[in-house]
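Since the structure comes first, as C-alpha cells, the remarks are kept for the end.
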Amino acid sequence: MAANNNSDPILDEGGGGGVKHEAAGEAGEGKGGGGGAAATQAPAAMLPRSGSRPQLDLSGAAIHGNLEDRNPTILLPNQSDDISHLALDIGGSLIKLVYFSRHAEHSSEDKRKLSTKRRLGMLNGGRRSYPVLGGRLHFVKFETGKLNECLDFISSKQLHRGGVDSPSWCSGAQPDNIVIKATGGGAFKYADLFKERLGVSLEKEDEMDCLVAGANFLLKSIRHEAFTHMDGQKEYVQIDQNDLFPFLLVNVGSGVSIIKVDGHGKFQRVSGTNVGGGTYWGLGRLMTKCKSFDELLELSQRGDNSTIDMLVGDIYGGLDYSKIGLSASTIASSFGKTISDDKELSDYRPEDISLSLLRMISYNIGQISYLNALRYGLKRIFFGGFFIRGHAYTMDTISFAVNFWSKGEAKAMFLRHEGFLGALGAFMSYEKHGLDDLRIHHLVERFPMGAPYVGGKIHGPPLGDLNEKASTSTLDHGNLNGFISWMEKFVQKGTQITAPVPVGFPVTTGMGGFERPTAKGDILRSDASAALNVGVLHLVPTLDVFPLLEDPKMYEPNTIDLDLNEYKYWFKILSDHLPDLVDKAVASEGGTDDAKRRGDAFAHAFSAHLARLMEEPAAYGKFGLANLLELREECLREFQFVDAYVSIKQRENEASLAVLPDLLMELDSMNEEARLLALIEGVLAANIFDWGSRACIDDFDMFKKRMLADKKGQPYKRALLFVDNSGADVVLGMIPLARELLRNGTEVVLVANSLPALNDVTANELPGIVAEAAKHCGILRKAAEAGGLIFDAMAGIQDDLKDEPVSVPLMVVENGCGSPCIDFRQVSSELAAAAKDADLLILEGMGRSLHTNLNARFKCDTLKLAMVKNQRLAEKLFNGNIYDCICKFEPVHLT
Ligand SMILES: Nc1ncnc2c1ncn2[C@@H]1O[C@H](COP(=O)(O)OP(=O)(O)OP(=O)(O)O)[C@@H](O)[C@H]1O
Ligand SMILES: CC(C)(CO)[C@@H](O)C(=O)NCCC(=O)O
Ligand SMILES: [Mn+2]
C-alpha cells in the first residue's frame, strides 16, 4: 500500500496495508465507492471516556417500554437526587475546596449497546449497581483572608446548588435547605457568613477525622500519591494496602497536627506544634516585606543562611565537633548570628532571612515528627498541609531531618494532594455517594490546563470550567465567547508555565549540614502551573479490572520505563509532530477561525505539559508512554477537538471497503493453512518473509497448530479482538481475521476505543464499518445479525430465523479508553463482561501490544500482533529493526 502521509509518526500504522493488499492504496485514489455506511457516518459524538458517561445509581435499573425501541427509557429508581457537590476545609491560612461535577447525558444506550449488554448478561441478572456517582473531583484553594473570592467562585459556579449545569432535580432545592460539609476552624468561624451570602448551612465535620479520612482515601485509591523526596530526587512509593497502618500523619498547615493513624477512622492526635506554616509565612512577611507566600519561598532559593544562622563552625573556629557527630556546617543555632552583630534587620538580605526561617521550621517539624514516630515505633511519616507546597527544598530538608535523627530508620513521605486531606475527608463524609467504595481502578486522574488553578489568585471573574464545556458535543455560541477569553488567558498563563523553573538540588555536607540550595533559576513555579501537580480526579465506577489479567497486582501496562533519555526522545517526536496534528485537528473542525484559535491553544497547552514533564518527569505521578500519549488525546478533547482524524478515517475506510470483496475472494480460494498465514500477514500489514523484514518474534506456527486443531472439534469459544486503526488495518486485516474465527465457530468480540485517539477506529464507528463489510459476505452478515450489529438487514430475513441465530455472534464492545494504548487495570464494564467467556485474546498494533502489554500475561491464550514502526523501539526491545514484526502467541497450556 502506498505510504500514507496522514498517519501518525508515533504509532505509525496508517501506512501499512500490507503488500498483499496493495490495491487498497490505488482504490483510494480513484474509486472510493462502496464505503457508504462508514463514510457517511457522522463523527462520533463527543463520547467522553466511558467513565464520563452519566454515572448513575443503576441498582434496580429497568428498561421501561420496548427493548427494541430506538431509545427506550431506563428507569433508575434508586437514583438519589440530593447529591452534594462541594466540601470545604477552611483553615487559618487557606480555604480548600473539593467539588464534584457531573456530566450531562451524551451517549444514549443505542441498540447495539443494549443488545450487546443483553447478550453479555449485563441487563438481566448480571445487573450491576454502582454505589458511587461518576463525575469529576476538582481541587481548588483560596486564601482565607480573601474569603470573598471563594464565595464568588462557589456562587458563580453554583456549586452549592449542584453546579451550573445541574439538571432540574438540583435547582429545585430550596436554598435554605442546602447543607455543605465543612471542616477546619473556619467552618465554625464563618458559618454565619456562608448563610448570609449563599444561604447555605455549613455542616461541621471534625478536622482530625477529615485529615485522616482524606489521607487514607488517597493512599488507598490514588496510584501514585505518596513519594519520598531526598537529595532532589522524587520517588513514588507503591503502598501495599495490607501494610499501610500504622503510620504517622503530620499535617503542616498554619499550625502542625501530628496524628498516629491505626486504621480507617482509628487514630489519635498525639502531638502538634505551633511552629508551622503560619510561622514561616508570618515571620517571613514581617521580616522581608514579601507580598506572597510564593515570593517568600522563591527568595529562599537564592539565600545563604550562614549569614544569619550560627553554625557549629562559627562556634568551634571552623572545626567540626566530630565527637558528637556535628559538622562545622551544621546549624548550631537558627538566627544565632543576628544576636552578636549590631546590625539592623535591613542589613540582612531578605533571601538569607527566608532561607534561615525555612530551614529552622522544616528541621523543627522533621525533628518533632521523628520523635513522635520514635515514641510509637512508627516507620513511616506522611507529611501533608500546604506548607510543603510541593517545594523540593522544603521536602528535602524535612526528609533530611527525619533520616538524620532516625539514623535511616524512619522515612518521610509526601502526598501529591498534600493540602487537600481535610477537604477530601469532609467530602467523603457525605453519606450517600459512598466514595469509600471507590477502588483504585475507578479513578482516572487528568491534568487539564483548564482546571481551575490551585491558588489564591483569581484574575478577573472566575473562569468557567473548560472541561465541562468541552463535554458538550456542539459548540454553543453562548459559551464560545467565554471560551475564547479563557484561551487568551491561557496563552498568557501557558507562557508563565513554560518559563524556566529552578530545580534546587541541595547538597549535603555530612552530618546535619546542608549547603544552601543551588537554585538554577529564580522563579518558583507559579500557582497556576503548580496546579498541574494535582489533576482533576475522574470518578468512573463503570471501569473494571480486566478479569483475564493473570496478576493484576503485578501488571504494568508500559513496556518501557520512561527515564530522562526516553523522555527526551519522545518529547522530540511529539513536539515535531505537533504542527501536523494541529493542522489535522483544525481541518477536522472546518478550519474556522475558532478552530484555529483552539488549535493554537491546544498546541500551547500540550507544549506546556511537555515542558513541565521534561523539567520534572515525576510531576504527574509515575508517567509512562501510555500516559503521555493519552495526555495528548485528552488535551485535544479539552480544546474541543472531538476527532482530529475523522475525515482521514472515513477516507481510508471507504478505500479499504472497496477492495474488501476482492480480498475475501482471494482468501477463500486458498487452503486453510495458506489462508491463516495470509490473514496474519494481512494484519501485520507486511509480508513477514518476503519483505526483507524479519519476524523478531514469530510464533505463527504455534498459533497455526492451535487454530487448525479447531477443526478437530476444539475451536475457541470466544475471541476478543482488540482492533487498532481505521482503514486497511481494521477492514483488510482484523475483519477478515474475525471472519475466519467466526467460520470456525468462534464468537468474536471486536474491542475498540470508546473515544477517538489518532486514527484508531472507535466502538461507535465499528458497527457501520462491519455492516458495510457484511454486504459482501454472508459469514459476516449472519454473525453481525446474531451479534445485534445489523438491524436493518433483518427486515429481509424470515421471521422464524429472527430469534434463532444461525451463526455465532460478532459483537462490538468499547474498551473504556481514549488512547492509542490500553491499561488493562481500567477497562469498560462491557469489556470486562465480554471477557468472562473469552478464551482467546488478540491484541493488535504497536500501542496495545508493544508500547503497552508486550509483557502482560493473561489467563487465556493470547496473540500479540504488531509491526515495529520505530527503529529505536525495535533495537531496544528485540535488538531488531524498523518494520520487524511480532507475532507472539502465548498459550496458557503449553502443549
Ligand atoms: N498561596 C499561599 N498563601 C498562603 N500560604 C500558603 C500558600 N501556599 C502555601 N502556603 C503555606 O501553607 C500554609 C497553610 O497550609 P494549610 O492550608 O494546610 O493550613 P490551614 O488549614 O490554613 O491551617 P490550619 O490547619 O492550621 O488551620 C500557610 O501557613 C503557608 O505556610
Ligand atoms: C489548631 C489547628 C488544629 C487548626 O487547624 C492547627 O493549627 C494545629 O494543630 N496547631 C498546632 C497546635 C498545637 O500546638 O498542638
Ligand atoms: Mn488545616
Side-chain angles (χ1 to χ4, degrees), residues 87-98 139-147 149-150 182-190 204-215 249-259 267-286 288 290-300 354 357-358 360-362 364-365 368-369 372 382-391 393-395 398 414-415 417-426 453-458 524-531 533-534:
L88 297 158
D89 172 6
I90 313 175
S93 308
L94 299 170
I95 304 177
K96 281 74 59 178
L97 206 144
V98 171
F139 302 86
V140 197
K141 74 175 157 73
F142 299 88
E143 284 170 30
T144 308
K146 297 177 183 163
L147 180 64
E149 287 185 355
C150 174
T183 189
F188 295 81
K189 186 173 171 186
Y190 300 113
K204 297 156 198 76
E205 289 292 321
D206 178 74
E207 191 179 331
M208 300 300 131
D209 280 340
C210 290
L211 285 173
V212 171
L249 176 62
V250 179
N251 192 64
V252 193
S254 317
V256 184
S257 286
I258 302 181
I259 308 166
F267 66 89
Q268 187 193 353
R269 184 180 191 273
V270 292
S271 190
T273 163
N274 51 340
V275 180
T279 318
Y280 173 59
W281 175 207
L283 278 180
R285 201 185 66 87
L286 284 178
T288 67
C290 268
K291 293 281 179 290
S292 75
F293 178 83
D294 280 3
E295 197 184 328
L296 180 68
L297 207 49
E298 228 167 70
L299 279 181
S300 76
S354 179
L357 261 179
L358 182 62
M360 176 175 96
I361 289 161
S362 301
N364 194 244
I365 291 170
I368 295 175
S369 304
N372 277 288
F382 291 100
F383 289 88
F386 267 122
F387 168 70
I388 310 290
R389 208 210 167 291
H391 190 238
Y393 190 75
T394 305
M395 293 189 282
I398 291 177
F414 303 90
L415 302 169
H417 293 81
E418 54 190 15
F420 290 103
L421 309 185
L424 254 174
Y453 37 90
V454 180
K457 287 169 268 173
I458 290 191
L524 187 76
R525 205 167 279 124
S526 75
D527 251 2
S529 65
N533 279 342
V534 176

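For clarity, every value in this text was computed on a predicted model and none was experimentally measured. Atoms considered below: every heavy atom in the structure, side chains included; atoms not considered: hydrogens, waters and symmetry mates. In listed order, ligands and their atoms are each counted from 1.
Applying the 4.0 Å criterion to heavy atoms of E207 picks out, from ligand 1, the atoms 25 (O). Residue contact check: G278 has heavy atoms under 4.0 Å from atoms 29 (O) of ligand 1. Close approach to F387 involves these atoms of ligand 1, each under 4.0 Å from a residue heavy atom: 11 (C), 12 (O), 13 (C), 15 (O), 31 (O). When each atom of ligand 1 is checked for a heavy atom of G91 under 4.0 Å away, the hits are 20 (P), 21 (O), 22 (O), 27 (O). Contact atoms of ligand 1 toward W281: 4 (C), 5 (N) (distance under 4.0 Å to a heavy atom of the residue). Those atoms of ligand 1 that come under 4.0 Å of a heavy atom in K96, given as number and element, are 16 (P), 17 (O), 19 (O), 20 (P), 21 (O), 22 (O). Every atom of ligand 1 is numbered from 1 in the order shown, and the set under 4.0 Å from a heavy atom of G255 is 26 (O). Of all atoms in ligand 1, numbered sequentially from 1 with element shown, those under 4.0 Å from a heavy atom of G277 are 29 (O), 30 (C), 31 (O).
Both the backbone and the side chain of F386 come within 4.0 Å of ligand 1, counting heavy atoms alone.
Within the 4.5 Å cutoff, no side-chain heavy atoms of D89 are placed close to those of C210. Here the side chains of W281 and F387 are not in contact, with every heavy-atom distance at 4.5 Å or above. Side chains of Y190 and T144 form a contact here, defined as non-hydrogen atoms less than 4.5 Å apart. Side-chain contact check for Y280 versus S300: some heavy-atom pair is nearer than 4.5 Å. I95 has its side chain within reach of L88: a pair of non-hydrogen atoms, C-beta onward, lies under 4.5 Å apart. Using a 4.5 Å cut-off on side-chain heavy atoms (C-beta onward), L94 and E143 make contact.
Just one of D294, L286, T288 meets the side chain to side chain contact (heavy atoms under 4.5 Å, CB included) condition when paired with C290; it is T288. Tested against F383, the residues V250, N251, T394 include a single side chain to side chain contact (heavy atoms under 4.5 Å, CB included) partner, V250.
Distance check: L147 CG to I90 CD1 gives 6.5 Å after rounding to the nearest 0.5 Å.
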Table of N or O contacts for ligand 2, cutoff 3.5 Å:
unit_1: ligand 2; atom_1: 5 (O); unit_2: E207; atom_2: OE1; d: 3.4
unit_1: ligand 2; atom_1: 5 (O); unit_2: E207; atom_2: OE2; d: 2.4
unit_1: ligand 2; atom_1: 7 (O); unit_2: G255; atom_2: N; d: 3.4
unit_1: ligand 2; atom_1: 9 (O); unit_2: V256; atom_2: O; d: 3.3
unit_1: ligand 2; atom_1: 9 (O); unit_2: S257; atom_2: OG; d: 2.7
unit_1: ligand 2; atom_1: 9 (O); unit_2: R269; atom_2: NH2; d: 2.8
unit_1: ligand 2; atom_1: 15 (O); unit_2: R269; atom_2: NH1; d: 3.4
unit_1: ligand 2; atom_1: 15 (O); unit_2: R269; atom_2: NH2; d: 2.9

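For ligand 1, the polar-atom distance check finds no N/O of T144 at less than 3.5 Å from any of the ligand's N/O atoms. Ligand 1 has no nitrogen or oxygen under 3.5 angstrom from a nitrogen or oxygen of D89. In terms of polar-atom proximity, defined here as any N/O pair under 3.5 Å, Y280 makes no such contact with ligand 1. Inclusion of G385 in the set of residues having an N or O under 3.5 Å from an N or O of ligand 1 is not warranted.
Nearest heavy atom pair, residue G272 against residue R269, reads CA-NH2, 3.7 Å.
Not a single ring-ring contact (aromatic ring centres under 6.0 Å, His included) links F267 to another residue, sequence neighbours left out.
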**Asked** Taking it one step at a time, do I398 and I388 satisfy side-chain contact (heavy atoms from CB on, under 4.5 Å)?
**Response** CA-CA 9 Å; I398 291 177; I388 310 290; 3.8 Å; yes
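Here atom 24 (P) of ligand 1 lies nearest to S254 when heavy atoms of G419, G145, S254 are compared.
Side chain of T273 to backbone of V256: no donor-acceptor contact under 3.5 angstrom is found.
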